[in-house]
Every structure is written in structure tokens, then in C-alpha cells.
Number of protein chains: 2
Amino acid sequence: MLTIWLNYMVKKRKDDTTEGKILAAARKVFTTKGMAGARMQDIADEAGINKAMLHYYFKDKEKLFEVVFMEGAGEFFPRINKLFESDASLEEMITRFVEEYLDAMQRSPYLPWFIMNELNRDADTFLEKIWAAPNRPNPAKFLALIEKEIKKGNIKRISPLHLLLNLLSMTIFPFIAKPMITRNLHLDEMQFRYVIEQRKTEIPKFIMDSIRK
Amino acid sequence: MLTIWLNYMVKKRKDDTTEGKILAAARKVFTTKGMAGARMQDIADEAGINKAMLHYYFKDKEKLFEVVFMEGAGEFFPRINKLFESDASLEEMITRFVEEYLDAMQRSPYLPWFIMNELNRDADTFLEKIWAAPNRPNPAKFLALIEKEIKKGNIKRISPLHLLLNLLSMTIFPFIAKPMITRNLHLDEMQFRYVIEQRKTEIPKFIMDSIRK
DNA sequence: ACTTTTGTTAACCATTTGGTTAAACTATAT
DNA sequence: ATATAGTTTAACCAAATGGTTAACAAAAGT
């Protein structure tokens with residue numbers, strides 16, 4: 001009993017346990033090489049442990065991938081959804097959406113890429129597993145809010161669908177195209193982070209300037 | 001001699017030759033499964049030919065991939081570059097950029113995804129091969145034009161970099177996120193095409209509304 | 001103390017996969 | 001007709017890869 005308590009208090013940091021090391025390694029390898037390109041041996045090497053441990057802690061490749069994937073998606077979707085469900089003003093909602101999204105992606109820059117990738121590879125399997133979850137972002141309320149604002153005459157007449165697409169595009173795309181952007185515009189890691197930081201204000205300003213009457 | 005001429009006149013359509021069938025199949029398999037996920041047998045099956053033919057016409061997997069890839073990139077980059085190099089007005093350049101890009105992508109919807117994917121997977125190998133080509137889009141002139149318009153007082157003071165990012169994002173992203181968009185907004189193939197068609201006018205309008213003084 | 005459970009390793013296995021080969025078949029040229 | 005070059009096939013091969021096993025070590029429970 002005492003040992004349990006002690007163990008609890010002195011709990012190894014997540015990344016120091018074998019399981020943690022595997023997850024960190026898997027995250028890295030899966031997200032750079034994709035599900036198909038990732039090698040179990042690569043993950044084991046990256047984690048500095050024996051390949052058999054991967055199967056000890058996570059049944060097989062499929063399961064390990066799923067855990068890594070869900071871990072990411074589970075952090076992503078809920079906060080977005082919560083925002084869509086809130087009753088903030090349009091401008092506030094856009095501003096906070098961009099901020100939250102960009103922050104989440106700064107923390108896990110691999111995620112949007114990862115999700116798009118698997119979605120593209122095997123949409124059905126993925127969607128049945130993840131998309132059905134109760135935390136799936138539902139843009140309906142956001143679209144409705146735009147229509148309301150148009151009717152009230154607060155903003156220009158614009159297609160809510162295209163406004164939503166524009167918002168998502170400008171927020172997410174830079175992370176997906178990061179290798180292209182950094183290379184072609186000669187940005188290093190720091191500069192890229194800085195550009196993203198700027199976008200937290202640039203995107204909302206850009207949008208509001210466009211739709212404001 | 002006669003037979004040669006006849007053969008020329010009655011030339012099989014590209015897609016009926018073995019080589020053509022392989023390329024079409026490879027395009028399909030590579031772009032849905034990625035380089036790592038694609039199986040040579042899958043490509044052979046898709047083409048309805050023997051696996052050995054793949055190696056007969058295209059040395060190995062790497063080479064076949066490269067041909068498919070270059071074929072796509074070669075259609076993509078030059079037209080963009082040509083536009084950036086032209087001396088159209090800013091609004092015209094933006095409008096034509098969106099049109100050309102969206103048209104190219106309607107024709108090869110897999111391409112942007114494909115390029116991003118491989119760029120993400122193995123940026124260095126890819127960039128050394130393709131990026132160094134003389135047709136690489138060079139945004140410098142576009143950025144310079146924006147600055148000039150700002151100085152002339154024709155448009156608002158806006159970061160040229162962010163304007164470029166916004167333009168690229170809004171144009172390309174919907175194709176990368178297509179599976180997510182169609183699913184989450186309940187759009188079928190036709191409706192998606194229609195939305196894209198709308199964006200040819202929506203995006204330029206959205207941008208100009210935002211930057212016009 | 002010793003038994004049980006949990007964690008770890010190296011060697012091994014079965015299957016998949018990219019790639020080869022040699023033989024057969026086809027069209028063309030001489 | 002026969003040789004020649006180009007095309008296609010089935011069978012085969014070596015390497016890579018996901019996964020298993022049996023032995024062993026450490027920790028925890030009694």
C-alpha cells in the first residue's frame with residue numbers, strides 16, 4: 001500500500017515510462033511517415049526499446065496508430081465545438097476560433113496534417129470511428145449566426161458556407177503547407193512560429209474588413 | 001511504311017496502350033494510398049496487366065512514382081508562375097490566379113494533396129528533384145506588386161505575406177480537406193464542384209472587399 | 001522466503017512486397 | 001519463311017516487415 005502511494009507521488013513523468021516513450025515515438029514516426037510508411041522498428045528505435053514492447057503495450061500497429069490518432073483528435077475537436085456552441089458575437093467567435101485553433105496547432109503541428117491524411121486515405125473507416133464521436137464540431141450554429149447577422153444588416157451579404165470555408169482555410173492551411181511555405185519563403189522554425197502568431201490578429205482583421213459594411 | 005502510317009493514324013488512345021494503362025492506374029493508386037501505401041500489385045491489378053510490366057516500362061517503383069508526380073507538378077507550376085510573372089493588375093492577378101488554380105485542380109483534384117503529402121513525407125528529396133526546376137512558382141513579384149499598390153495608396157496597408165498566405169489557403173485548402181468538407185456539410189460530388197465553381201468569384205470578391213480602401 | 005504478476009529481450013516465423021528471370025508470344029523487317 | 005526486336009506471362013527470389021514465442025528479470029503481493 002505504501003509502495004503504491006509512493007509510486008503515485010514519485011510517478012515517473014509520462015515520457016520516462018516505456019509506454020510514454022512508445023507513444024511519443026509513435027506520434028513522431030506516424031505523423032511524418034504516415035500509417036503506411038511508418039515501420040514498427042522505426043518506432044521502437046526512436047523510443048529506444050525493443051520492438052516486442054510495442055505489441056506488449058499496444059496489441060498491434062493498427063491499435064497503436066488509433067491511440068495516437070484519437071489522442072490528437074480528442075484534444076482538437078472538443079474546444080472547437082464548445083466555441084461553436086457558445087453564444088459569442090460573430091467577431092468574437094471568429095477571433096477566438098482562430099486563436100484556439102492556432103494555439104492547438106502550435107502545440108501539435110502534426111495534427112491537422114495527420115487528420116487530413118488519414119481522412120484522405122480511408123475516409124469511411126476513419127469517420128465511423130472518430131467522426132461519430134459526440135465531440136464532432138458542428139458548424140450549423142456558426143452558419144446560422146452568420147445568416148442572422150446578415151438579416152440584421154450588421155454585415156455584408158455573403159455566403160455563410162464560403163465564409164466558413166475561408167475561415168477554416170486561412171487557419172489550417174499554413175500548417176499543412178508548412179514545408180512548402182518555410183522552404184519557398186526562406187523561413188526558419190522561429191520565423192514560422194512568429195508568422196502564425198501574427199495570423200491570430202491578421203485573419204480576424206482580414207475577415208472583418210471584408211464582411212463589415 | 002504503310003503500316004507505320006496506318007499505325008500512326010489509328011494510334012491507340014493513350015489509355016489503351018499498356019504504358020498508358022499503367023500510368024492511369026499508378027496515378028490513381030499513388031494518389032489515394034501515397035507512395036508508401038501503394039502496392040505494385042495493386043497498380044498492376046488496377047491496370048489489368050501483369051506486375052512485371054510495371055518494371056518493364058518503368059524501372060522501379062521510385063521511377064514510376066516520379067513520372068506520375070512530375071506529370072502532375074509539371075502541369076501545375078508553370079501556369080502559376082507565368083501569371084506571377086505577368087504584369088496584370090493586382091485584382092486581375094488575384095482573379096486569374098484563383099480561376100487558373102481552381103480549374104487545374106478540378107481537372108486533377110488529387111494533385112494538391114499529392115504534392116503536400118510527398119512534401120511533408122520527404123521534403124528534401126522532393127525539393128531537390130522538383131523544386132529546383134525552372135518552373136517553380138516565385139511569389140516575389142506578387143509580393144512586390146502588393147507593396148507597390150499599398151505605397152500608391154490603392155489598397156489598405158496589409159502584410160503582403162499574409163495576403164499571399166490567405167490567397168493560397170482559400171484556393172487550395174478546400175481540395176485538401178474535400179473528404180472532410182463533403183462529409184460534414186453533406187455535399188455530393190456535383191455540389192462540391194458547384195461550390196468550387198462559386199469560389200472562382202467568391203474568393204476574389206472576399207479579398208478585394210477586405211483590402212480595398 | 002516464495003509465488004505471481006508485470007516488464008523486457010533476442011531469436012524466430014509467416015507473409016508481404018519489390019523486383020528478377022527465362023521462356024513464350026507477337027508483330028515487324030529482311 | 002525466318003530472323004529480330006518488342007511485349008507479356010508465370011514462376012521465382014531475397015529482403016523487409018508485422019507479429020509471436022520462450023526465456024529471463026524485476027517488482028509486487030502473500
Side-chain angles (χ1 to χ4, degrees), chain A residues 1-26 29-30 32-69 121-122 125, chain B residues 1-26 28-30 32-69 118 121-122 125:
Chain A
M1 286 93 199
L2 180 62
T3 51
I4 293 176
W5 179 78
L6 275 173
N7 192 22
Y8 175 76
M9 293 310 289
V10 196
K11 194 92 181 196
K12 282 177 166 52
R13 305 192 48 168
K14 232 185 180 180
D15 297 8
D16 285 342
T17 72
T18 302
E19 195 177 339
K21 280 190 283 187
I22 291 174
L23 277 176
V29 176
F30 273 135
T32 53
K33 310 240 181 174
M35 163 68 169
R39 297 293 102 117
M40 294 299 267
Q41 189 61 59
D42 291 348
I43 298 175
D45 290 349
E46 177 74 34
I49 49 101
N50 189 290
K51 184 165 69 84
M53 298 313 292
L54 304 182
H55 297 95
Y56 180 74
Y57 283 99
F58 308 88
K59 192 185 200 81
D60 55 19
K61 194 184 181 185
E62 184 81 25
K63 182 67 187 167
L64 178 55
F65 178 81
E66 197 187 310
V67 170
V68 170
F69 195 102
R121 197 178 57 96
D122 187 1
T125 304
Chain B
M1 286 91 202
L2 181 61
T3 51
I4 291 177
W5 180 80
L6 274 172
N7 191 22
Y8 175 77
M9 294 310 291
V10 198
K11 194 92 180 194
K12 282 176 165 55
R13 307 192 45 172
K14 231 185 182 181
D15 298 9
D16 285 344
T17 71
T18 302
E19 196 175 338
K21 280 191 283 187
I22 291 174
L23 276 176
K28 186 169 173 184
V29 176
F30 273 135
T32 53
K33 310 237 180 177
M35 163 68 168
R39 297 292 100 115
M40 294 299 267
Q41 189 59 59
D42 291 348
I43 298 175
D45 291 348
E46 178 74 34
I49 49 101
N50 188 292
K51 183 165 69 83
M53 299 311 291
L54 303 182
H55 297 96
Y56 180 74
Y57 284 98
F58 308 87
K59 192 182 201 81
D60 57 18
K61 193 185 182 183
E62 185 79 25
K63 181 69 187 165
L64 178 55
F65 179 81
E66 195 186 310
V67 170
V68 169
F69 196 103
E118 294 310 312
R121 197 180 55 97
D122 188 359
T125 304

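Proteins come first, then strands; the chains are lettered A, B, ... in the order of their sequence lines, and each starts at number 1.
- Residue-to-nucleotide proximity on DNA chain D shows that, of A:Arg39 and A:Lys59, the 5′-proximal contact is made by A:Arg39.
- Partners of B:Lys28 according to the salt bridge (charged side-chain N to carboxylate O under 4.0 Å, His left out) rule, which considers only residues two or more places apart in sequence or in another chain, are B:Glu46.
- Residue pairs satisfying the salt bridge (Lys or Arg N to Asp or Glu O under 4.0 Å) criterion with at least one member in residues 49-59 of chain B, sequence neighbours excluded, are absent.
- A:Asp60 has its CG atom 11 Å from the P atom of D:dG18, to the nearest Å.
- Within the structure, side-chain hydrogen bond (donor to acceptor under 3.5 Å, both in side chains) pairs that include any residue of residues 34-44 of chain B comprise B:Gln41-B:Asp45 (at least two apart or interchain).
- Rounded to an integer number of Å, the gap from CE of B:Met40 to C1' of C:dT20 is 12 Å.
- The separation between B:Ile43 atom CD1 and C:dT17 atom P is 12 Å, rounded to whole Å.
- Side-chain contact between B:Leu64 and B:Phe30 is present, with at least one heavy-atom pair separated by less than 4.5 Å.
- The residue from A:Met40, A:Lys61, A:Lys63 that alone fulfils the side-chain contact (heavy atoms from CB on, under 4.5 Å) condition with A:His55 is A:Met40.
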Letter by letter from the 5' end, nucleotides 4-11 of chain C scores (B base, S sugar-phosphate only, - none; protein heavy atoms under 4.0 Å) --SBBBB-
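- Per the geometry, CD belonging to B:Glu62 stands 16 Å off C1' belonging to C:dT17, to the nearest Å.
- Regarding A:Lys63, its NZ atom lies at a distance of 19 Å from the P atom of D:dG18, rounded to whole Å.
- Within the nucleic acid shown, A:Ala38 comes within 4.0 Å of sugar-phosphate atoms alone, with no base atom in reach, counting heavy atoms only.
- Note that the CE atom of B:Met53 and the CZ atom of B:Phe58 stand 10.5 Å from one another [nearest 0.5 Å].
- Per the geometry, NE2 belonging to A:His55 stands 13 Å off C1' belonging to C:dA14, to the nearest Å.
- Here the C1' atom of nucleotide D:dA16 and the CG atom of A:Asp45 are 14 Å apart, to the nearest Å.
- Between the C1' atom of C:dC12 and the CD atom of A:Gln41 lies a distance of 14 Å, rounded to the nearest Å.
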